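Okay, so here's the structure we're looking at.
Since this is a predicted model, take the numbers as computed values, not measurements.
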Amino acid sequence: LTLSKVTLALLDAAIDKDSKVQEQVRKSMLTLGKQQPDRVLAMCQDYLLKHPKLVVSHRVVILQTIELIAGCSIEEISSPRIKSIISLASEEMTRSKEVIPDWQQAASNILVAVGNKHINDIMEEILSKFQPGVLPHFFVVQTLANLSDSNVYGMVPFLNAILGTMLPMLSMAKQDNMKWVFSSALCHFSDSILEYLANLDKAPDPTVRKDTFSTEICAAFDILFNNWLQSRESKLRLTVAEAVGSMCHLMSSDKLEEQIPKLIPAILSLYKKNNEHYIISKSLCQVLDASLSMGSRILETQLDNLLIVLHQQVCSMYSHKVILDRNIFYFFFPLANSFPDRLVMFVLQKLENSNERSRMGSLSVLRHLINSTTSTMESKKLLILASIRQPMADQSNKVKKCVVQVISAMAHHGYLELEGGELLVRFIVQHCALPDTYQVNSLYPEEVTNEALRTICDNTLHLLTTTVGRLADVLWPKLLYYLTPPQYSNATTPLCKSLIVLGNKKKNNQEPSFNIDFKQEGRRHWCKVQLYRMLYVLHIRSTLKTLLQILSASIHPKTESLWEKEIPPLLAILEGMEIMSSFFFYIYLYGHFLYRCIGVTLQQCFNKEVVKKQLQEILLTARHNDAVEREGVAMGIGLCANSHLEGTLAKLDEFGKSDAFKKSPSIFNLLKDRNDVEVEKVKSTLILCYGQVALNAPPEKILNRIDQDILRCISKHFNTKVCFFCFLDQNMVSFHNLGALLGRLSPRCSDPHPAVRAAAMDCIYSLLYIQLRYEGFALDYKDEAVDSLLLLKDKLENPDYSVLYKTCSDLTKVMSKRLPQQQLTTLVFMLFEGLVDSQTNCCRASSVILNTLLKNRGGGLQELVITCVSLVRVAVGQTVLILASQHLQTVINTLVNQPLPYDSWTCEMWMALGADPIVANQIIEMVMEKILIMAPYVEMKGPMLRGGTTKVATNQSLAVSHKTFTDISSSVDAEQTSMLYWKHIPPTWLCAADALRILLARAQLDEVMKRLDEDNAWDAMRELNTHITGITLLARAMAKHAGPRLPAIVECLCPSLNNIYECQRVTVTAFFSELLNHHVVTELMLIDVLMNNMMERISDPCCAVRMLSVRGLGNIAIGSPEKVNILAHFHTYKCTHSLWATVQLHCSCRDTHRKLITLEAMSGLSKVLLHLDKKNVHLLVVYIFMKIKPFLESENDEIRCASIHLMGNLSKFGSGEPVFKDQIHNVLVSLLLHLVDPNPQVVKACKYAMRVCAPVVGSEQITTMFQNHLHDDKSLHYGEFINDLTKHLVRDTRMKTSIPAWLVVGKFASFQNGFGFCPFLFSVLLHKLFCISSIISVQQLCSSCCT
């Protein structure tokens, strides 16, 4: 009683609309149901029956409760209760004909839950509502689908009957929801059958086979694929696609093979129509899996389109605001196993595309292929290693991140051990040393900063070191070499960590390779530099201590114990020091420290030859113009002299007599004083060295050497311009660095930071007073002009840049008064360098200072005018380059819109932009996008008298075609810009041809240039009437001498085939047409792309394009004859149709084009037929023969010749065919008359045709006669030949009924009217045939003769 009351109360409470209350009711009912399932279920059932008008939400909660109890306690429920619940659920599910999802789904779920145990009872109930000829309820079908998922082994035995009943229902489904549920059910059924077949060892009936369901599945497939997949409802399309994918595995092999050419393109097209790509990808994957598992041969024909679409999907993942299913990568794995060569070549070719998204997508695919298809990729390792170099040079951090991920994958699969693997290691290390990113683009937060990329590379290097054991010998000791160059200084920490791991591992394993032989050739110098650098950075890289301890055994046996004792105190001292507070102090400390290290090391070296060699190297390689380095060199040599005084003095004396102290004229013969300064600085180094030698040498040895060696050498070198004492006497000492320092500091007076501005002014103030001291003024002397700088300093606190520039101008006036004339040149040059300062304000300040200086002191610069102008041009170009790096679009738009022709300054700017490879690549990409939407010309009305229109080039197209690419392309790959030069015909073809010529020269295609010059191709390209010939010569030269560049060029040119401008389509089609004439396109796997493009152009509205496409299709037989029969079934058959179909289109063209198209069609067919097997052209022979008959009478000699030649080539395919034999008899008289054609080429073709057609005529005597008399290089006595022929015709009874009188008469009329042949020849023929009375009636012949 208590249970009943509680249950009833809970059932009443289920009406609550609060979802939490409903959930609690279900849980409570489930608890009761587990205790007494029959009783609780009975109460639920009674409650629903007693309250037929319950609101839907209330009924749903109760039905969900029944489902929970049935699912948990199915074993404890009695059989009668099961049947009553089934009836209840079935009734609830189908009571309403309308679809009420919540209610009916809850009832359906009960049936599914019960069906897991009582499938026969369920199917008895469901099938009663699934009757033939009646469209079932939506949820009846849905329930069957769900049952096939939840109880595979119970449902599959019923599916054959269910499918048989369902098939007629598919055509009855008119509403989208019913189509959807049927599609969903078929998908579930197919998946269940496949699972059943995959686990036959567990199945109740192991005799079930796939063939059991193939017929019904194929029938259902036809309806879904041909009708429902084209629905406008995206949800239905996706479900149909999913079903089709699952059904493919159950279709017969023949049926699937037949459907693949339509199925794969249809599924691929869904990517553009739907945003949810997961289901499409799943379906496509199932189709591919089914095709590959059955060994489909036709799948290969779909591979190109398939790879292109899949690659686009991968690339789309890297676009902004696009999120796609990453399972797309798994498509490539089965393709890699079946078509490894084509897939790898496709991916590697895509890597050459400079587009960021395309390259990132290609790298991602490559990474997954390397990781997942190890055995397949084994033979492609070297090819992949060579191809990865191009994306390694990409400037995009996002691309570099993908490259690092690919390198990581390659490392785990043995690529880095191969030749070229060290480049990949270097790439990782280089990017471990990246500087920080100074500007972050807030608009694109997904941009990869330098910091992020550096972290990725650090982690990757650590990963390779710790997890890829095979790389130990690759990385050790090669990683040590990267610690020396300064460009890798930022990578010191990750390098040391990796080296420590590698060193410890080798040391613990006692591997022989742990010990490094630093005495080996090439390592000795590196070892010294490496040690100095590591000791120097010891205090800022604590990991170096550990690394040094690991390396100690390789450096010297006693080093380990020494360093354990000495390094800790050294670290304590260094850590207590104040770390470098300024850049100048950093340079000072760095230089001094290293040279002192060298000096101390040489002290301990007892090999005099080594000491002598090292001293020579120090003196020759030092930067003597750097005061800090001069002092460091002197300190190092002085320390060395402590142990090697004799050798040091000897080397210094030898250095003093070397060429370093001899003056050499300047390149520009302008800066003679500067050369004097350079020599003086070398002498300064030598004098400092003598001073340090005197300071550091042992006192007992140096005293007797001061007068003899040191003072003698010093006095000799002081006697240059003036000696030291003369300087004092004249009160004038040259301050050589004044101009350079002022040039560096003065622009900083407009720096954005006030502290920098103030410090710069203080420095200038001090420098000018130092100059006054050099000039001999007293220490307490006050200069009014210099002191005025203190007043100007106050103005520098104003952030207004106009005030700052005015202050810089006033500052320059003071400097110009106090600057010695010999320093003026240096100051000007320093200011020129300031024009390209990284700070924009400082650039402007340099310009202001330079202008003021030239106004005040320009009179003294007459000798430097030429150099100044040159430097100004360079500075302007560099300034434009800096602007372009920040505002490229604006700079390019401004330059392109400059009036034509460009002046010299605009040309200088273009050349400056072209000098930078990064900017040049960006400009090319930008202009390539611009050129796609740019009009190359406009049509303008011609003169009144002539009428018509004239094509006039637009300014932008001229600018882009000529100056942009002639100046820019030197820094860009040839393939990248090649497409731009064949798109502007006319009227910009002159500029485009010039630009193309420069491009080929800069691409170093010397052989191509040579051939084009020999053939006068450039003149042909420039003329409109011969332009096609010129492009043909260009393509021929490229195919013969620049084959490897063609894939990228073809890829760039393909989009232009659909351009709206005929001239552009003509140019590209001509180029492609000639490429097909060469076998190189087959080797580069371009044959399919080019052939498909030619076939598409067959229907182009432009007659010239159609003519060229026909020529290209015919050229296949010459360039790739071996492909003709291989591709016959799919391509050549279409090609033959397309060639001949072109003849039918000729009527819409001008007469000239009509003749050319007809001629190309017949010539192309002749070429192709020479390489075709009979089976591939058998059905077309008579059709083509009948179509070419009218052209035998053409007035055009070339067409007449081509048609006769084609007829001869057709003969080998028609032997044994009665219809073809009749056709030969019909044209025999025509051929006999053409033997005396006025054109010798027609006669030659006629002889060839008659020789090859002779066996078809049916007479052995005539065949022998044709073979013996009709030779190309021999003349023919026509009368005797006709006489002999008629005799054979009379004797051979088989020929008597083969030449009807109407043909003779018709040919006579035709030849008389068409060519004006001498009637005598025809009369001779009639006379000879007169005796064949059984063939020709006397009346007809007489009538003919009278005519």
*With the threshold set at 4.0 Å, does a side-chain nitrogen-carboxylate oxygen contact exist between Glu833 and Arg744?*
yes
Might you point out which heavy atoms bring [X] and [Y] nearest each other, and give the distance in Å?
X      : Y      : result
Ala740 : Thr826 : N-CG2, 3.5 Å
Ala622 : Val633 : CB-CG2, 3.6 Å
Gly656 : Leu686 : CA-CD2, 3.8 Å
Phe427 : Met392 : CE1-O, 3.3 Å
Cys808 : Ser746 : SG-O, 4.4 Å

Can you find a pair of side-chain heavy atoms, one from [X] and one from [Y], that are under 4.5 Å apart?
X      : Y      : value
Leu767 : Leu742 : yes
Asp394 : Ser354 : no
Phe655 : Gln616 : no
Pro820 : Gln771 : yes
Leu804 : Lys795 : no
Arg630 : Ser684 : yes
Leu853 : Val828 : yes
Pro747 : Leu831 : yes

Tell me every residue that passes side-chain hydrogen bond (donor to acceptor under 3.5 Å, both in side chains) with [X], counting only those two or more places apart in sequence or in another chain.
X      : value
Ser846 : none
Lys806 : Asp810
Arg454 : Asp436

Between the main-chain N or O of [Y] and the side-chain N or O of [X], is there a donor-acceptor pair closer than 3.5 Å?
X      : Y      : value
His431 : Arg426 : no
Gln395 : Ala393 : yes
Ser847 : Cys843 : no
Arg748 : Arg757 : no

*Output, in order, the C-alpha distance, side-chain angles, deciding distance and verdict of side-chain contact (heavy atoms from CB on, under 4.5 Å) for Leu619 and Leu652.*
CA-CA 9 Å; Leu619 290 168; Leu652 289 175; 4.2 Å; yes
Looking at [atom1] of [X] and [atom2] of [Y], how far apart are the two atoms once the value is rounded to the nearest 0.5 Å?
X      : Y      : atom1 : atom2 : answer
Leu688 : Leu695 : CG    : CG    : 12.0 Å
Arg623 : Thr685 : CZ    : OG1   : 12.0 Å
Met815 : Leu738 : CE    : CG    : 9.5 Å
Lys813 : Ile849 : NZ    : CD1   : 13.0 Å

*Any chance you could lay out the side-chain contact (heavy atoms from CB on, under 4.5 Å) test for Asn490 and Leu434, step after step, and finish with the verdict?*
CA-CA 7 Å; Asn490 286 347; Leu434 281 177; over 6 Å; no
*Scan residues 780-808 for pairs that pass ring pair (Phe, Tyr, Trp, His ring centres under 6.0 Å), counting only residues two or more places apart or in two chains.*
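Found Phe777-Tyr781.
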For residues 785-793, run the donor-acceptor check on the side chains, cut-off 3.5 Å, and write out each pair with its distance to 0.1 Å, sequence neighbours left out.
residue, atom, partner, partner atom, Å
Asp787, OD1, Tyr765, OH, 3.2
Asp787, OD1, Tyr769, OH, 2.8
Asp787, OD2, Tyr769, OH, 3.4
Ser788, OG, Ala785, O, 2.4
Lys793, NZ, Asp762, OD1, 2.9
Lys793, NZ, Asp762, OD2, 3.0

*Please step through side-chain contact (heavy atoms from CB on, under 4.5 Å) for the pair Leu827 and Gln823, ending with a clear verdict.*
CA-CA 6 Å; Leu827 176 58; Gln823 294 294 308; over 6 Å; no
*Go through the side-chain N and O atoms of Asn450 and Asn397 and say whether any donor and acceptor fall under 3.5 Å apart.*
yes
*Do Tyr595 and Glu629 have side-chain N/O donor and acceptor atoms under 3.5 Å apart?*
yes
_Results of salt bridge (Lys or Arg N to Asp or Glu O under 4.0 Å) for Asp783 - residues two or more places apart only_ =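 For Asp783 the salt bridge (Lys or Arg N to Asp or Glu O under 4.0 Å) partners, ignoring immediate neighbours, are Arg818.
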*Evaluate the side-chain contact (heavy atoms from CB on, under 4.5 Å) criterion for residues Lys855 and Thr812: first the C-alpha distance (whole Å), next the side-chain angles of each, then the deciding distance (0.1 Å), finally the verdict.*
CA-CA 10 Å; Lys855 286 180 182 178; Thr812 309; over 6 Å; no
